[in-house]
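Here's the structure we're looking at; comments come further down.
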Amino acid sequence: MKSLLLMLAIICAGIAAGCQSAPEKHYPIRGEVISADAAKKLLTVKHGDIPGLMPAMTMTYQVAEPKQMQTLQPGDKITADLVVSENKGRLEKIAVVN
């Protein structure tokens, strides 16, 4: 009986370890603002290649801090930190560049 309980404990520990979320990955991006929807916290950006993640494309991202979008306008060139976890991405550290 003790060995059965020990085996169950080991199996449960293994399952719990497998359920942990993957660590976040950070990717620097550079792109152009296509549109900004502050109410929905969404920013559409036409960006270059993101090595190790995806080719250049236009994509809509969730913004971590909506106040970072307040002054953004279509056509603005930006840099940002794309944070990816659980197959979801969000933009952080958004900055307008020349």
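This is a predicted model, so every value here is computed, not measured.
One finds the CD atom of Q62 at 11.0 Å from the NZ atom of K40 (value rounded to the nearest 0.5 Å).
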TODO: Determine, step by step, whether L43 and T60 satisfy the side chain to side chain contact (heavy atoms under 4.5 Å, CB included) criterion, reporting the C-alpha distance in whole Å, the side-chain angles of both residues, the deciding distance to 0.1 Å, and the verdict.
DONE: CA-CA 5 Å; L43 188 64; T60 301; over 6 Å; no

TODO: Start with the C-alpha gap between H47 and M54, add the side-chain angles, then the distance that decides, and say whether side chain to side chain contact (heavy atoms under 4.5 Å, CB included) holds.
DONE: CA-CA 10 Å; H47 60 74; M54 69 178 77; 3.7 Å; yes

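Between the side chain of D37 and the main chain of L42, no donor-acceptor pair closer than 3.5 Å is present.
At a threshold of 4.5 Å between side-chain heavy atoms, the hydrophobic network of Ile, Leu, Val, Met, Phe, Trp and Tyr places L53 and V83 in two separate groups.
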Please list every donor-acceptor pair under 3.5 Å in which a side-chain atom of residues 25-35 meets a protein atom from a residue at least two apart or in another chain.
residue: H26; atom: ND1; partner: D81; partner atom: OD2; Å: 2.7
residue: E32; atom: OE1; partner: K77; partner atom: NZ; Å: 3.2
residue: S35; atom: OG; partner: T44; partner atom: OG1; Å: 3.3

Acceptor/donor pairs from residues 91-98 side chains to any protein atom, 3.5 angstrom cut, sequence neighbours excluded:
residue: E92; atom: OE2; partner: R90; partner atom: NE; Å: 2.8
residue: E92; atom: OE2; partner: R90; partner atom: NH2; Å: 3.2

